[in-house]
Amino acid sequence: MNSANLTPAGPGCALCARPGNFGNIRSGQPHSGLCPSCITAGRSARDAVEAAVLIVARQYLDTASELDIHRASAPELAFHLTALMRSLRSVLHLFDVPAAPGERQS
């Protein structure tokens, strides 16, 4: 294991400073060095963010599906294509895994 990826943790949680030994902080692992309470809180926050992104994406898709392509003007088509692109991008960001420092992103 590369020692450059490890940061020694202090005597406690890296986030809330709860006393205890929760391991070293590893740059490629988002929950390293955190207590179980902080890990659980992060998961529920992630679930709420995912739900909000999906709600907004569904709203964009519903709006775009109401567009009559045959009668739409160029600005209307551009607006709806941009809305679809934003919707898809926000959903794809949910599946994006951040790269560890020093790794190349494709």
Single hit among C38, S37, P36 for side-chain contact (heavy atoms from CB on, under 4.5 Å) with L34:
C38
Which heavy-atom pair separates E76 from R71 by the least distance, and what is that distance?
OE1-O, 4.3 Å
Who are the side-chain hydrogen bond (donor to acceptor under 3.5 Å, both in side chains) partners of T82, not counting sequence neighbours?
none
Using the side-chain hydrogen bond (donor to acceptor under 3.5 Å, both in side chains) criterion, which residues pair with R58? Sequence neighbours excluded.
none
Which pair of non-hydrogen atoms, one from C13 and one from F22, has the smallest distance, and what is that distance?
N-CD1, 3.5 Å
